[in-house]
Amino acid sequence: MRLRAWCSARWPFISWRVQEYGDGGANLVASCGETPSGRVLYSHLDTSLNGSLEDAVVTGRTDPPGPLRIGEDGTVDGFGLGVARGPAAAALVGFVESMDFVDFVDAAPHVREGATLLLAGSGTHRLLPGETTGVEAYLAAHEHPRQAIIAKAGPPAVLHSEPGAAYLTVRVEGRQGAVLARRFHRPEGGVLAHTGRLIDAIEAWRVAHLARRTPSRIGAEVGIGHLRSGLVTKPDLIPAVLELGLYLVTIPGDRVPDIGRDLENTLRAVAPEGCTVRVDHHEIHAAGLTDDDAPIVRRARAVRERYLGPEQSVTGWTGSTDGVVLRGHGIDTVRLGPTIAPLPEDRRRDRTTLDHLVLWSQIYRDLLTQT
């Protein structure tokens with residue numbers, strides 16, 4: 001709502017609309033004219049972390065990440081600048097500059113029909129079964145574009161294929177007990193005491209899983225990102241359940257249910273006696289590919305090369321974005337954006353320059369205006 005108000009005051013001749021969805025979610029959608037655009041420029045407004053104390057379990061820090069800083073030399077650093085505030089800002093400026101405000105008709109700006117800007121309220125890669133994300137809400141309520149440009153930080157190249165993403169939840173269950181009676185408990189020490197054995201098995205399974213896949217421009221990956229067991233307020237109790245959350249990056253042809261069963265069978269073979277193992281899966285989206293010769297791919301490469309020179313060869317890229325959603329709806333999609341790195345002294349903050357973001361706004365502008 002605040003961004004819409006700011007944009008509307010600055011550029012009143014563009015339609016800035018807030019599309020609400022789900023429980024408190026909202027997209028900012030901007031366009032000109034009544035005819036639906038065949039091209040959408042996309043980024044999202046949420047960040048991987050939220051800047052609160054809840055992040056400490058990931059970052060290891062409890063101090064505030066601090067506000068955006070702009071140095072006298074044009075260096076910019078701040079929280080969430082890489083995912084995805086920097087690219088989103090460049091996309092916003094590039095979209096506005098793609099409009100033609102030169103001619104006036106009846107003292108009002110004459111705006112040439114352009115693309116649609118979608119700044120989604122949420123990206124897709126969260127474990128929220130049954131909840132709608134920003135891009136999905138947009139696609140459900142609007143005519144689908146023919147082409148999509150994703151403005152996100154990434155490699156020095158144009159990505160037209162991206163891996164899929166899924167979550168695997170491992171649940172190992174034994175029986176509850178108490179530390180004071182540990183010598184009588186089975187398995188000895190409880191499920192939690194055998195976490196190391198289970199993690200070692202998962203890591204060995206990962207090596208075998210990746211060895212069976214041949215990376216191309218995109219690659220596979222898997223890793224543990226969450227572990228939960230017991231009560232933090234009652235560590236004198238031996239918990240009956242251990243849960244581990246895994247993030248799975250998939251390539252074309254991967255079947256997430258089969259991968260989950262394979263991991264389940266592996267862990268059952270090493271689980272403590274008397275314990276059960278179950279692996280649940282939640283596939284976010286499958287890997288997607290836009291043809292290398294698609295017009296939007298050729299255009300994106302040409303525009304990027306004009307500003308930045310030849311792109312680098314990318315092999316085994318494991319980053320997945322909302323491009324998999326758009327491609328899943330048959331929309332030709334490319335992803336390109338600045339390369340933004342975290343600050344070494346505080347990895348919650350990312351660093352780039354104003355000149356770099358301005359350059360990318362020009363790239364996005366040209367992608368929307370040139371054919």
Ignoring hydrogens and angles, tell me if any N or O in the side chain of [X] forms a donor-acceptor pair with the backbone of [Y] under 3.5 Å.
{"X": "E311", "Y": "V158", "answer": "yes"}
{"X": "T339", "Y": "G154", "answer": "yes"}
{"X": "N27", "Y": "G134", "answer": "yes"}

Looking only at side chains, do [X] and [Y] share a donor and an acceptor under 3.5 Å apart?
{"X": "Y167", "Y": "D280", "value": "no"}
{"X": "S31", "Y": "R17", "value": "yes"}
{"X": "Q147", "Y": "T333", "value": "no"}
{"X": "T290", "Y": "R327", "value": "yes"}

Please step through salt bridge (charged side-chain N to carboxylate O under 4.0 Å, His left out) for the pair D332 and R146, ending with a clear verdict. CA-CA 6 Å; D332 284 348; R146 296 186 305 276; over 6 Å; no

Once rounded to the nearest 0.5 Å, what's the spacing between atom [atom1] of [X] and atom [atom2] of [Y]?
{"X": "L159", "Y": "L336", "atom1": "CG", "atom2": "CG", "value": "8.5 Å"}
{"X": "R85", "Y": "L68", "atom1": "CZ", "atom2": "CG", "value": "8.5 Å"}
{"X": "L45", "Y": "S43", "atom1": "CG", "atom2": "OG", "value": "7.5 Å"}

For R4, which residues count as a salt bridge (charged side-chain N to carboxylate O under 4.0 Å, His left out) partner, sequence neighbours excluded?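 For R4 there are no salt bridge (charged side-chain N to carboxylate O under 4.0 Å, His left out) partners, ignoring immediate neighbours.
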
Can you find a pair of side-chain heavy atoms, one from [X] and one from [Y], that are under 4.5 Å apart?
{"X": "R335", "Y": "H160", "answer": "no"}
{"X": "Q176", "Y": "L237", "answer": "no"}
{"X": "R278", "Y": "E173", "answer": "no"}
{"X": "L242", "Y": "L227", "answer": "yes"}
{"X": "V40", "Y": "L118", "answer": "yes"}
{"X": "I363", "Y": "L308", "answer": "yes"}

Should the pair H142 and Y138 be assigned to parallel (<30°), tilted (30 to 60°) or perpendicular (>60°) ring geometry? parallel

Contacts satisfying side-chain hydrogen bond (donor to acceptor under 3.5 Å, both in side chains) that involve residues 216-227 (not counting sequence neighbours) are R206-E221

Excluding V179, membership of its hydrophobic cluster (Ile, Leu, Val, Met, Phe, Trp, Tyr; side-chain heavy atoms within less than 4.5 Å) reads I238

Could you give the side-chain donor-acceptor pairs of residues 352-362 under 3.5 Å, partners two or more places apart or in another chain?
unit_1, atom_1, unit_2, atom_2, d
T353, OG1, H356, N, 3.0
S361, OG, V358, O, 2.5

For residues 187-199, which side-chain donor-acceptor pairs fall under 3.5 Å, sequence neighbours excluded?
unit_1, atom_1, unit_2, atom_2, d
E188, OE1, R182, NH2, 3.1
E188, OE2, R182, NE, 2.9
E188, OE2, R182, NH2, 3.3
H194, ND1, R197, NH2, 3.2
H194, NE2, E188, O, 3.0
T195, OG1, L192, O, 2.7
R197, NH1, V270, O, 2.9

Would you give me the side-chain donor-acceptor pairs under 3.5 Å for residues 50-60, sequence neighbours excluded?
unit_1, atom_1, unit_2, atom_2, d
N50, OD1, S52, N, 2.9
N50, OD1, S52, OG, 2.6
N50, ND2, E54, OE1, 3.3
S52, OG, E54, N, 3.2
D55, OD1, N50, N, 3.4
D55, OD2, N50, N, 3.3
D55, OD2, G51, N, 2.6
D55, OD2, S52, N, 3.4
T59, OG1, D55, O, 3.2
T59, OG1, R61, N, 3.2
T59, OG1, R61, O, 3.4

- Query: Hey, is R298 close enough to D291 for a salt bridge, meaning N to O under 4.0 Å?
  - Reply: no

Ion pair present between R301 and D292, side-chain N to carboxylate O less than 4.0 angstrom? yes

inquiry  = Tell me if the aromatic rings of W6 and W16 count as close, with their centers under 6.0 Å from one another.
reply    = no

**Pair Y364 + F95: ring centers closer than 6.0 Å** = no

